[in-house]
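First listed ligand is number 1; within each ligand, the first listed atom is number 1.
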Amino acid sequence: MSIVLHGYRYSVYVRIARLVLEEKGLAYERVEVNPFSPDVPAAYLALHPFGRVPTLVHDGFAIYETGAITRYIDRVFPGVPLQPDDARALARMDQIISVVDSYAYWPFVRQVYVHGVFRKHIGGECDAGELASGLAGAAKVLAALEALGRFEPFVAGPDISLADLHLGAMIAYFAATPEGAAMLKTYPKLSGWWDALHVRSSFAATEPGLPVTQV
Ligand SMILES: N[C@@H](CCC(=O)N[C@@H](CS)C(=O)NCC(=O)O)C(=O)O
(Lines give C-alpha, C1' and ligand atoms only; values in the text may rest on other atoms or scores of the structure.)
Protein backbone atom coordinates (compact mmCIF):
# COMPACT_ATOMS: atom_id res chain seq x y z
CA MET A 1 0.00 0.00 0.00
CA SER A 2 1.34 3.41 -0.90
CA ILE A 3 0.19 6.81 0.29
CA VAL A 4 1.98 9.84 -1.15
CA LEU A 5 1.16 13.40 -0.16
CA HIS A 6 2.42 16.08 -2.53
CA GLY A 7 2.67 19.54 -1.02
CA TYR A 8 4.52 22.48 0.40
CA ARG A 9 5.85 22.13 3.92
CA TYR A 10 4.45 25.51 5.08
CA SER A 11 1.00 25.09 3.51
CA VAL A 12 -1.83 25.11 6.01
CA TYR A 13 -3.85 22.84 3.72
CA VAL A 14 -1.03 20.31 3.55
CA ARG A 15 -0.91 20.39 7.34
CA ILE A 16 -4.64 19.58 7.50
CA ALA A 17 -4.09 16.47 5.36
CA ARG A 18 -1.05 15.51 7.46
CA LEU A 19 -3.00 15.95 10.71
CA VAL A 20 -5.65 13.56 9.41
CA LEU A 21 -3.05 11.00 8.31
CA GLU A 22 -1.41 11.24 11.75
CA GLU A 23 -4.70 10.92 13.65
CA LYS A 24 -5.51 7.81 11.58
CA GLY A 25 -2.05 6.41 12.39
CA LEU A 26 -1.01 6.08 8.74
CA ALA A 27 2.51 6.04 7.34
CA TYR A 28 2.94 8.10 4.21
CA GLU A 29 5.55 9.55 1.91
CA ARG A 30 5.86 13.27 1.24
CA VAL A 31 6.86 14.93 -2.02
CA GLU A 32 7.77 18.59 -1.64
CA VAL A 33 6.08 20.92 -4.16
CA ASN A 34 6.13 24.69 -3.73
CA PRO A 35 2.99 26.02 -5.44
CA PHE A 36 4.28 29.60 -5.14
CA SER A 37 7.41 28.88 -7.17
CA PRO A 38 7.39 30.13 -10.78
CA ASP A 39 8.26 26.68 -12.08
CA VAL A 40 5.85 24.20 -10.55
CA PRO A 41 6.79 20.88 -12.21
CA ALA A 42 4.62 19.84 -15.15
CA ALA A 43 4.25 16.41 -13.53
CA TYR A 44 2.58 18.08 -10.54
CA LEU A 45 0.30 20.20 -12.74
CA ALA A 46 -0.81 16.96 -14.38
CA LEU A 47 -2.02 15.85 -10.94
CA HIS A 48 -3.52 19.23 -9.95
CA PRO A 49 -4.49 21.48 -12.88
CA PHE A 50 -4.95 24.48 -10.55
CA GLY A 51 -1.42 24.09 -9.20
CA ARG A 52 -2.42 24.26 -5.55
CA VAL A 53 -1.39 21.89 -2.79
CA PRO A 54 -1.98 19.26 -1.50
CA THR A 55 -2.63 16.27 -3.74
CA LEU A 56 -2.86 12.75 -2.35
CA VAL A 57 -2.00 9.64 -4.37
CA HIS A 58 -3.18 6.37 -2.84
CA ASP A 59 -2.16 3.27 -4.79
CA GLY A 60 -2.40 5.23 -8.06
CA PHE A 61 -5.65 7.03 -7.15
CA ALA A 62 -4.95 10.78 -7.23
CA ILE A 63 -7.19 13.28 -5.50
CA TYR A 64 -6.92 17.01 -4.80
CA GLU A 65 -9.01 19.44 -2.68
CA THR A 66 -8.26 19.06 1.00
CA GLY A 67 -11.85 18.44 2.10
CA ALA A 68 -12.13 15.59 -0.40
CA ILE A 69 -8.73 14.17 0.59
CA THR A 70 -9.50 14.12 4.31
CA ARG A 71 -12.95 12.57 3.90
CA TYR A 72 -11.46 9.96 1.57
CA ILE A 73 -8.72 9.07 4.07
CA ASP A 74 -11.28 8.78 6.85
CA ARG A 75 -13.59 6.53 4.83
CA VAL A 76 -10.96 4.24 3.37
CA PHE A 77 -8.69 3.59 6.31
CA PRO A 78 -9.39 2.04 9.69
CA GLY A 79 -8.61 3.85 12.91
CA VAL A 80 -10.50 6.46 14.87
CA PRO A 81 -13.49 7.68 12.80
CA LEU A 82 -13.19 11.41 12.13
CA GLN A 83 -16.73 12.01 10.86
CA PRO A 84 -19.71 11.75 13.25
CA ASP A 85 -22.59 9.36 12.48
CA ASP A 86 -25.21 11.77 13.73
CA ALA A 87 -26.60 13.81 10.82
CA ARG A 88 -26.65 17.11 12.69
CA ALA A 89 -23.15 16.72 14.10
CA LEU A 90 -21.93 15.82 10.59
CA ALA A 91 -23.70 18.85 9.13
CA ARG A 92 -22.05 21.07 11.76
CA MET A 93 -18.66 19.54 10.95
CA ASP A 94 -19.14 20.18 7.23
CA GLN A 95 -20.38 23.70 7.92
CA ILE A 96 -17.37 24.57 10.08
CA ILE A 97 -14.97 23.22 7.44
CA SER A 98 -16.72 25.31 4.81
CA VAL A 99 -16.64 28.44 7.01
CA VAL A 100 -12.92 27.89 7.56
CA ASP A 101 -12.20 27.55 3.82
CA SER A 102 -14.44 30.42 2.76
CA TYR A 103 -13.86 32.99 5.49
CA ALA A 104 -10.93 32.03 7.75
CA TYR A 105 -8.08 30.97 5.45
CA TRP A 106 -7.45 34.39 3.94
CA PRO A 107 -7.49 36.55 7.09
CA PHE A 108 -5.97 33.99 9.48
CA VAL A 109 -3.19 32.71 7.24
CA ARG A 110 -2.62 34.86 4.20
CA GLN A 111 -3.01 38.16 6.00
CA VAL A 112 -2.28 37.75 9.73
CA TYR A 113 0.29 34.94 9.70
CA VAL A 114 2.02 35.75 6.43
CA HIS A 115 2.36 39.48 7.19
CA GLY A 116 2.81 39.09 10.96
CA VAL A 117 5.36 36.23 11.09
CA PHE A 118 6.34 34.47 7.87
CA ARG A 119 7.50 37.38 5.75
CA LYS A 120 9.11 39.07 8.73
CA HIS A 121 11.13 35.91 9.29
CA ILE A 122 12.36 35.59 5.71
CA GLY A 123 13.02 39.30 5.34
CA GLY A 124 10.15 39.79 2.93
CA GLU A 125 7.82 42.75 2.64
CA CYS A 126 5.34 42.96 5.56
CA ASP A 127 2.26 45.06 4.97
CA ALA A 128 0.84 46.44 8.24
CA GLY A 129 -2.42 47.19 6.41
CA GLU A 130 -2.81 43.52 5.45
CA LEU A 131 -2.17 42.48 9.04
CA ALA A 132 -4.76 44.98 10.36
CA SER A 133 -7.32 44.00 7.73
CA GLY A 134 -6.71 40.31 8.52
CA LEU A 135 -7.29 40.90 12.22
CA ALA A 136 -10.54 42.75 11.50
CA GLY A 137 -11.71 39.92 9.23
CA ALA A 138 -10.62 37.29 11.76
CA ALA A 139 -12.72 38.82 14.56
CA LYS A 140 -15.90 38.19 12.58
CA VAL A 141 -14.90 34.59 11.85
CA LEU A 142 -13.94 33.86 15.46
CA ALA A 143 -17.24 35.29 16.71
CA ALA A 144 -19.15 33.08 14.25
CA LEU A 145 -17.17 29.98 15.24
CA GLU A 146 -17.58 30.73 18.95
CA ALA A 147 -21.36 30.73 18.40
CA LEU A 148 -21.42 27.77 15.98
CA GLY A 149 -19.12 25.29 17.72
CA ARG A 150 -20.43 22.71 20.19
CA PHE A 151 -17.22 22.41 22.23
CA GLU A 152 -18.28 19.13 23.85
CA PRO A 153 -15.22 19.29 24.05
CA PHE A 154 -14.54 19.10 20.31
CA VAL A 155 -15.85 21.68 17.92
CA ALA A 156 -18.54 19.50 16.32
CA GLY A 157 -19.36 17.27 19.30
CA PRO A 158 -17.97 14.81 21.84
CA ASP A 159 -15.40 13.22 19.51
CA ILE A 160 -12.58 14.66 17.48
CA SER A 161 -13.59 15.25 13.86
CA LEU A 162 -12.21 16.61 10.61
CA ALA A 163 -13.51 20.04 11.66
CA ASP A 164 -11.09 20.17 14.62
CA LEU A 165 -8.14 19.41 12.35
CA HIS A 166 -9.22 21.76 9.57
CA LEU A 167 -9.80 24.64 11.95
CA GLY A 168 -6.87 23.69 14.19
CA ALA A 169 -4.30 24.01 11.40
CA MET A 170 -5.56 27.52 10.63
CA ILE A 171 -5.69 28.58 14.28
CA ALA A 172 -2.12 27.28 14.78
CA TYR A 173 -0.83 29.85 12.27
CA PHE A 174 -3.14 32.61 13.50
CA ALA A 175 -2.14 32.09 17.16
CA ALA A 176 1.54 32.07 16.20
CA THR A 177 1.27 35.86 15.93
CA PRO A 178 1.07 37.88 19.18
CA GLU A 179 -1.97 39.75 17.84
CA GLY A 180 -3.77 36.54 16.88
CA ALA A 181 -2.97 34.85 20.20
CA ALA A 182 -4.32 37.86 22.12
CA MET A 183 -7.50 37.97 20.03
CA LEU A 184 -8.12 34.22 20.40
CA LYS A 185 -8.03 34.56 24.20
CA THR A 186 -11.08 36.84 24.06
CA TYR A 187 -13.20 33.91 22.76
CA PRO A 188 -13.40 31.61 25.80
CA LYS A 189 -14.87 28.51 24.14
CA LEU A 190 -12.49 28.57 21.17
CA SER A 191 -9.59 29.39 23.44
CA GLY A 192 -10.29 26.43 25.75
CA TRP A 193 -10.79 24.15 22.75
CA TRP A 194 -7.43 25.24 21.26
CA ASP A 195 -5.57 24.81 24.57
CA ALA A 196 -6.72 21.18 24.70
CA LEU A 197 -6.31 20.43 20.98
CA HIS A 198 -2.87 21.78 20.17
CA VAL A 199 -1.10 19.46 22.64
CA ARG A 200 -2.12 16.36 20.65
CA SER A 201 0.79 14.42 19.20
CA SER A 202 -0.56 14.96 15.66
CA PHE A 203 0.14 18.68 16.02
CA ALA A 204 3.71 18.09 17.22
CA ALA A 205 4.29 15.59 14.39
CA THR A 206 3.16 18.08 11.72
CA GLU A 207 4.67 21.30 13.10
CA PRO A 208 5.91 23.09 9.96
CA GLY A 209 8.37 25.41 11.73
CA LEU A 210 9.77 28.42 9.94
CA PRO A 211 12.01 28.56 6.88
CA VAL A 212 15.70 28.34 7.69
CA THR A 213 16.43 31.62 5.87
CA GLN A 214 17.14 34.15 8.62
CA VAL A 215 17.58 37.90 8.15
N1 LIG B 1 -9.18 24.49 -2.33
C2 LIG B 1 -7.83 24.02 -2.09
C3 LIG B 1 -7.01 25.17 -1.52
C4 LIG B 1 -5.55 24.77 -1.34
C5 LIG B 1 -4.66 26.00 -1.30
O6 LIG B 1 -5.10 27.15 -1.52
N7 LIG B 1 -3.39 25.76 -1.03
C8 LIG B 1 -2.45 26.86 -1.04
C9 LIG B 1 -1.32 26.63 -0.05
S10 LIG B 1 -1.89 26.73 1.61
C11 LIG B 1 -1.81 26.95 -2.41
O12 LIG B 1 -1.55 25.95 -3.03
N13 LIG B 1 -1.58 28.17 -2.87
C14 LIG B 1 -0.93 28.42 -4.11
C15 LIG B 1 -1.44 29.66 -4.77
O16 LIG B 1 -2.27 30.37 -4.18
O17 LIG B 1 -0.98 29.92 -5.88
C18 LIG B 1 -7.84 22.81 -1.16
O19 LIG B 1 -8.81 22.68 -0.39
O20 LIG B 1 -6.93 21.98 -1.22
For this session: Using a 4.0 Å heavy-atom threshold (strictly under), name the region of Tyr64 that reaches ligand 1: side chain, backbone, both or neither.
Result: neither
For this session: First locate atom OG of Ser202, then atom CD of Glu23, and finally report the distance between them rounded to the nearest 0.5 Å.
Result: 3.5 Å
For this session: Taking only heavy atoms of Phe36 into account, list the atoms of ligand 1 that are under 4.0 Å away from them.
Result: 13 (N), 14 (C), 15 (C), 16 (O)
Problem set entry | Nitrogen or oxygen of Tyr13 less than 3.5 angstrom from that of ligand 1 | no
For this session: Would you check the N or O atoms of Gly67, main chain and side chain alike, for any that come under 3.5 Å of an N or O of ligand 1?
Result: no
Seminar exercise, completed: Taking only non-hydrogen atoms of Val12 and a 4.0 Å limit, the atoms of ligand 1 in range are 10 (S)
Problem set entry | Pair Arg200 + Glu22, salt bridge at N-O below 4.0 Å | no
For this session: Determine whether the side chains of Tyr64 and His6 contain a donor N or O and an acceptor N or O closer than 3.5 Å.
Result: no
For this session: Just need the protein heavy atom nearest to atom 11 (C) of ligand 1, so name the residue and atom and give the distance.
Result: Arg52 CD, 3.6 Å
For this session: Indicate whether the side chain of Asn34 and that of Tyr10 have a donor and an acceptor atom separated by less than 3.5 Å.
Result: no
For this session: Decide if atom OH of Tyr103 counts as having more than 12 heavy atoms of other residues, nucleotides or ligands within a radius under 6.0 Å.
Result: no
For this session: Report the distance from atom NZ of Lys140 to atom CG of Leu135, rounding to the nearest 0.5 Å.
Result: 15.5 Å
For this session: Starting from atom 12 (O) of ligand 1, find the nearest protein heavy-atom neighbour and note its residue, name and distance.
Result: Val53 N, 2.9 Å
Exercise. Is there at least one pair of N or O atoms, one from Ser11 and one from ligand 1, spaced under 3.5 Å apart?
Worked result: no
Exercise. In the protein, which heavy atom is nearest to atom 1 (N) of ligand 1, and how far is it?
Worked result: Glu65 OE1, 2.7 Å
Exercise. Could you give the distance from CZ (Arg15) to CE (Met170), rounded to the nearest 0.5 Å?
Worked result: 11.5 Å
Problem set entry | Close approach, Tyr8 and ligand 1, non-hydrogen under 4.0 angstrom | no
